[in-house]
S.K.: 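Mind looking over this structure? Questions follow.
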Number of protein chains: 2
Amino acid sequence: MTAGTKDRIRDSAADLFQHQGYHATGVKQIVEGASAQLASLYHFFPGGKEALGADVVRVAGAGYQTLVEAVWDSAPDVVAGVHAVFDGAAAVLEATDYEDACPIATVALEVASTNETLRIATAEVFDAWIVAAVARLAAAGIAAPTARDLAFAVVGGLEGAFVLARATRSVEPLHAAGAVVAAAVERALPA
Amino acid sequence: MTAGTKDRIRDSAADLFQHQGYHATGVKQIVEGASAQLASLYHFFPGGKEALGADVVRVAGAGYQTLVEAVWDSAPDVVAGVHAVFDGAAAVLEATDYEDACPIATVALEVASTNETLRIATAEVFDAWIVAAVARLAAAGIAAPTARDLAFAVVGGLEGAFVLARATRSVEPLHAAGAVVAAAVERALPA
DNA sequence: GTCTATACTTTGATAGAC
DNA sequence: GTCTATCAAAGTATAGAC
């Protein structure tokens, strides 16, 4: 079973939103990338571009979470896991000519103060990421309040490093943030 | 001497770019907010929207650096300075209904892979911020390589926390990141 | 569900009078 | 340097045949 029209439209939109943002992406460009018809977009997403955007944020956000969790969990311990997440993100960024960073960050900033429907979609994705990070840090024996602070440091540190890395076309921000955050996690581990 | 037309246009554009991004902002909306004529925008910025965008990024970026440096330097020591930066950013964000975060981050992500002129403008601003942060950490006695890692943690941590904070409408990401980064700076201080 | 065609609005940008 | 008027293109969205 090959990808249906709806999936191709969603995948095309996800690609474009990630690389050039929500407002710079036109619906015609989306369907062209999906080899679909414009009417098909409005058939599968009656809410138009906004409904498609919300769907993309949720699906791409969940997909990225799965990817990062796999990288994290493949490391032997929590500290190595954090290092693996930042270094892996740096490798992907470099391999894709600084295009593939966070799939929803650009959209999140674009809509934060202008589109409540999309803002809530991005907020739910970020909340889920924090919950997943807290769980991994808590499982390593880090107490709840500290684990939550560190979860924000991991997710927020990754997002901020992506901003600097894409702008300057350098992976140094990712390696630096990874080193600092991993060290903070190590220090919080029980003796 | 009151603000000239060119300054009003730049200020209006800076506001709109910060709050809703580059692509969502139209030139007509900019001149309307500046109480100016459309032809005036093209008179003062012959390169059109892109030239105005580059100018806004540089001016707003330098202005934000000055603001953050003042907050940092008003604290009694480096660790308190880092705390003051994150907590001050949280206070501003909350006071402005989650609108006033980084003045150039949204634009930076929007143009990173699509507009080399604007991308370079944002890269130069971020580079200047890192240099300023390194100088303050080095002045406190932190060795060069560590100071640079921590500078990325401060600037990147702030940027990432802004993404999470604006999306979730919570200042928790800023306080959490500030706590983790300030602690990392404290550990790096000479005995 | 997919196709063609189109309505309507807004976009960035320019011309030319004053 | 500021004004009015306007252009060509691109934006989102819809209608209706098949």
Side-chain angles (χ1 to χ4, degrees), chain A residues 1-57 106-107 109-111 113-119 121, chain B residues 1-57 106-107 109-111 113-119 121:
Chain A
M1 175 161 166
T2 120
T5 303
K6 182 173 182 177
D7 292 318
R8 292 202 317 278
I9 291 173
R10 182 172 34 221
D11 290 348
S12 172
D15 257 21
L16 293 164
F17 290 161
Q18 177 177 27
H19 300 150
Q20 60 187 25
Y22 180 78
H23 287 110
T25 300
V27 289
K28 290 178 182 172
Q29 189 181 11
I30 293 171
V31 296
E32 186 184 352
S35 298
Q37 298 297 321
L38 183 60
S40 297
L41 189 157
Y42 289 93
H43 172 76
F44 289 112
F45 300 95
K49 187 183 181 183
E50 181 182 276
L52 171 58
D55 194 57
V56 164
V57 166
T106 309
V107 176
L109 286 182
E110 286 183 277
V111 305
S113 301
T114 58
N115 185 315
E116 192 67 357
T117 299
L118 291 178
R119 194 221 104 218
Chain B
M1 173 158 169
T2 117
T5 302
K6 183 173 183 178
D7 292 319
R8 292 204 315 279
I9 290 173
R10 184 172 32 221
D11 290 348
S12 172
D15 256 22
L16 293 164
F17 290 162
Q18 177 177 29
H19 299 149
Q20 60 186 27
Y22 181 77
H23 287 110
T25 300
V27 289
K28 291 177 183 172
Q29 189 183 11
I30 293 171
V31 296
E32 186 185 352
S35 297
Q37 297 298 321
L38 183 58
S40 298
L41 188 156
Y42 288 94
H43 172 75
F44 290 111
F45 302 94
K49 187 184 180 182
E50 181 181 274
L52 170 58
D55 193 57
V56 164
V57 165
T106 308
V107 176
L109 286 183
E110 284 183 278
V111 305
S113 301
T114 58
N115 186 314
E116 193 66 358
T117 300
L118 292 178
R119 194 220 105 217

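All values reported here derive from a predicted model rather than from experimental measurement. Residue numbers begin at 1 in each chain, while the letters A, B, ... track the order of the sequences.
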S.K.: May I have the distance from His43(B) (atom NE2) to dC3(D) (atom P), rounded to whole angstrom?
M.R.: 12 Å
S.K.: Are the charged groups of Asp11(B) and Arg8(B) less than 4.0 angstrom apart, N to O?
M.R.: no
S.K.: Looking only at side-chain atoms of Leu38(A), point me to the closest of dT2(C), dT2(D), dA13(D).
M.R.: dA13(D)
S.K.: Tell me: CG of Leu41(B) to C1' of dA15(C), nearest whole Å?
M.R.: 17 Å
S.K.: Could you tell me how far apart Glu50(A) (CD) and dG11(D) (P) are, to the nearest whole angstrom?
M.R.: 18 Å
S.K.: With respect to the side chain of Thr5(A), which nucleotide from dT2(C), dT12(D), dG12(C) is positioned closest?
M.R.: dT2(C)
S.K.: Answer yes or no: is there a side-chain heavy-atom contact under 4.5 Å between Lys6(A) and Phe45(A)?
M.R.: yes
S.K.: Select one nucleotide: of dT2(D), dT12(D), dG1(C), the one nearest the side-chain heavy atoms of Phe44(A).
M.R.: dG1(C)
S.K.: Backbone N or O of Thr117(A) within a donor-acceptor pair of the Glu50(A) side chain at under 3.5 Å?
M.R.: no
S.K.: Does Ser40(A) make a side-chain N or O approach to OP1 or OP2 of dG1(C) shorter than 4.0 Å?
M.R.: no
S.K.: Measure from the side-chain heavy atoms of Tyr42(B) and tell me the nearest of dT2(D), dT14(C), dT2(C).
M.R.: dT14(C)
S.K.: Tell me the interatomic distance from Gln37(A), atom CD, to dA13(D), atom P, rounded to whole angstroms.
M.R.: 17 Å
S.K.: Where the side chain of Lys28(A) is concerned, which of dT2(C), dG11(D), dA13(C) is the nearest nucleotide?
M.R.: dG11(D)
S.K.: Nearest-Å distance, CD (Glu32(A)) to P (dT12(D))?
M.R.: 13 Å
S.K.: I'd like to check Leu52(A) versus Phe44(A) (side-chain heavy atoms, cut-off strictly below 4.5 Å). Are they in contact?
M.R.: no
